[in-house]
Amino acid sequence: MLQQTTVVTVQPYYAAFLARWPSVEALARARQEEVLSAWAGLGYYARARNLHACAKAVAGTHGGAFPDTEAGLLALPGIGPYTAAAIASIAHERRAAPVDGNWERVVARLFAVEEALPKARKRLRALAETLLPDARFGDFAQAMMDLGATVCTPRKPACILCPWRADCVAQAQGTPEAYPVKAAKAARPTRRGVAFLALRADGAVLVRTRPEKGLLGGMSEVPSTPWEQADPANPAAHAPLKAQWQALNATVDHVFSHFALELAVWRARLPATTPAPAGHRWVMPAGFGAEAFPSVMVKVLRYID
DNA sequence: CACCCGTGGCA
DNA sequence: TTGCCAAGGGT
């Protein structure tokens, strides 16, 4: 959960997950829809699918115990170099360097690495390994992350408090904030679409499940046109059913990792007897909690009134 | 290797 | 308001 996500954001989700699935076996037995609905709002939903797959792998082929080596951990779904090293060092007290964004920043400043991220990643990792102590690997891993989070911060680092002040090349240069150097980011394009809010007389809303992979994979959504650079040419052609669609005087704005979305909302009211088209289902608001609505869809659903 | 993949808080 | 940033991983 903490991959690219802050502790404050993760906290309530983590507590809810442990309460609902107290063991790896329990999580392995869960259905993916349950896991995704419990993850809804956290983002990067492939993590939820991978976590579930990981639980199944550990419960099934490892007899319920996690591997205790970096290589063994790395073979599990959702566990990459960082997480494998984090578990190996913190849980198993093995000599490993979980190089996260904090480590990268600390190391980049210590050695005044001029190469820009993300290309510098391999170099930073190699430099990080040279810092590893001969004992207390778990403590060291967490100390590095906490040093980056509280002292060697992205802006206004508290160098005066840093135990490595005397060894830090960037500090000696007087420009610690100049590191790590980062490559220019590509501009974030805007995509547009129309969302179709079909409301049945009994209060049910028409919903479908997104494809298993890709953006918001496996999550629930209100049907919509494709999201593309240009305004949708003929939105009605993508409507899930024939109805008196009313274009609302409002748009939903949402920012994803690599594009911004402007979603117009069209709404229609239908008789309580209206059947759900193929691939769709009617869901009462009381059932929304069991759905895996990503944040953008929560915004769309505000226009139910 | 480059790109894809969410969300919310904060300066 | 805009951009940055957060305990990265998969393909």
Side-chain angles (χ1 to χ4, degrees), chain A residues 1-14 36 39-54 70 73-91 96-106 108 115-125 128 138-150 152-157 177-191 210-221 227 252-261 292-299:
Chain A
M1 283 183 176
L2 288 166
Q3 290 165 1
Q4 294 287 283
T5 307
T6 58
V7 172
V8 171
T9 300
V10 160
Q11 244 260 318
Y13 287 86
Y14 181 70
L36 286 179
W39 197 280
L42 247 193
Y44 284 144
Y45 299 99
R47 293 181 301 172
R49 289 179 263 124
N50 289 333
L51 176 65
H52 191 211
C54 182
E70 248 184 296
L73 289 158
L74 200 49
L76 290 168
I79 296 185
Y82 161 75
T83 307
I87 297 173
S89 61
I90 297 171
V99 181
D100 69 337
N102 292 304
W103 279 64
E104 286 180 349
R105 184 170 55 257
V106 172
E115 187 180 12
L117 284 171
K119 293 187 68 173
R121 207 142 270 158
K122 181 179 289 184
R123 184 187 312 279
L124 290 171
R125 180 176 179 79
D139 286 345
F140 185 76
Q142 297 191 69
M144 283 289 280
M145 290 189 272
D146 286 344
L147 182 70
T150 64
C152 193
T153 50
R155 289 176 299 278
K156 298 184 183 303
E177 286 187 82
Y179 302 91
V181 180
K182 299 202 172 184
K185 290 182 180 174
R188 189 171 358 229
T190 297
R191 296 186 196 172
R210 292 180 60 87
E212 188 66 16
K213 295 190 173 181
L215 184 73
L216 308 177
M219 301 294 285
S220 304
E221 69 170 359
W227 303 342
V252 164
D253 295 316
H254 192 77
V255 179
F256 291 100
S257 54
H258 55 296
F259 69 92
L261 179 65
F293 288 124
S295 292
V296 63
M297 289 301 148
V298 172
K299 292 181 183 176

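Chain A is the first sequence line, chain B the second, and so forth, proteins listed ahead of strands; every chain is numbered from 1.
- Nearest nucleotide to the side chain of A/Pro294, out of B/dG6, B/dA11, B/dT7: B/dT7.
- Of the side-chain N and O atoms in A/Ser295, one or more sit less than 4.0 angstrom from OP1 or OP2 of B/dT7.
- Nearest-nucleotide positions on DNA chain B place A/Gln4 closer to the 5' end than the other of A/Gln4 and A/Val8.
- Rounded to whole angstrom, the span from the CZ atom of A/Arg47 across to the P atom of B/dG6 amounts to 9 Å.
- For the C1' atoms, the distance from C/dG8 to B/dC1 is 16 Å, rounded to whole Å.
- Nucleic acid contact for A/Val255: base, since at least one base atom lies under 4.0 Å from a heavy atom of the residue.
- Comparing A/Pro154 and A/Lys213 along DNA chain C, the residue whose closest nucleotide (by nearest heavy atom) sits nearer the 5' end is A/Pro154.
- A donor-acceptor pair under 3.5 Å is absent between the side-chain atoms of A/Arg188 and the main chain of A/Val255, judged by distance alone.
- Taking 4.0 angstrom as the limit, A/Tyr45 places a side-chain polar atom (N or O) nearer than this to OP1 or OP2 of B/dT7.
- For the residue pair A/Asn102 and A/Arg105, a side-chain donor N or O sits within less than 3.5 Å of a side-chain acceptor on the partner.
- Comparing the same atom, C1', in C/dT1 and in B/dG8 gives a spacing of 16 Å after rounding to whole Å.
- Using atom P as the reference point in both B/dA11 and C/dA7, the two lie 16 Å apart (nearest Å).
- Atom CG of A/Leu261 is separated from atom P of B/dT7 by 11 Å (rounded to the nearest Å).
- Nearest-nucleotide positions on DNA chain C place A/Arg188 closer to the 5' end than the other of A/Gly78 and A/Arg188.
- Closest approach to the A/Tyr44 side chain among C/dC4, B/dT7, B/dG6 is made by B/dG6 (side chain taken as heavy atoms from C-beta onward).
- With rounding to whole Å, A/Lys156 atom NZ is found 14 Å from C/dC5 atom P.
- Nearer the 5' end of DNA chain B, as judged by each residue's closest nucleotide, is the contact made by A/Lys119, out of A/Gly41 and A/Lys119.
- Put simply, A/His258 has no side-chain N or O that comes within less than 4.0 Å of OP1 or OP2 on B/dC3.
- At a threshold of 4.0 angstrom between heavy atoms, the contacts of A/Leu42 include nucleobase atoms, whether or not backbone atoms are also involved.
- As a whole-Å value, the separation of A/His254 NE2 from B/dC5 P is 13 Å.
- In this structure a side-chain-to-backbone donor-acceptor pair under 3.5 Å is present from A/Glu177 to A/Lys156.
- A donor-acceptor pair under 3.5 Å is formed between the side chain of A/Gln3 and the backbone N or O of A/Gly78.
- Using a 4.0 Å cut-off, some side-chain N or O of A/Lys182 falls inside it from OP1 or OP2 of C/dC5.
- For A/Tyr82, the listed nucleotide lying nearest its side chain is C/dG9; candidates were C/dG9, C/dA6, B/dG6.
- When side chains are defined from C-beta on, A/Asp253 does not count as touching A/Lys299, because their heavy atoms never get closer than 4.5 Å.
- Distances from the side chain of A/Thr83 to the nucleotides C/dG8, B/dT7, B/dC1 place C/dG8 closest.
- Residue A/Gln3 places at least one side-chain N or O closer than 4.0 Å to OP1 or OP2 of C/dG9.
- Taking the six-membered ring where tryptophan is involved, the planes of A/Phe256 and A/Phe259 are tilted, since the angle between them lies from 30° to 60°.
- Residues of residues 98-106 of chain A that place a heavy atom closer than 4.0 Å to DNA chain C, in numerical order, are A/Asp100, A/Gly101, A/Asn102, A/Arg105.
- One finds no side-chain N or O of A/Thr9 lying less than 4.0 angstrom from the OP1 or OP2 phosphate oxygen of B/dG9.
- Considering only heavy atoms from C-beta on, A/Tyr13 stays 4.5 Å or farther from A/Thr5 through its side chain.
- A/Arg210 contributes a side-chain N or O that, together with a main-chain N or O of A/Leu215, makes up a donor-acceptor pair within less than 3.5 Å.
- A/Leu74 has its CG atom 16 Å from the P atom of C/dG8, to the nearest Å.
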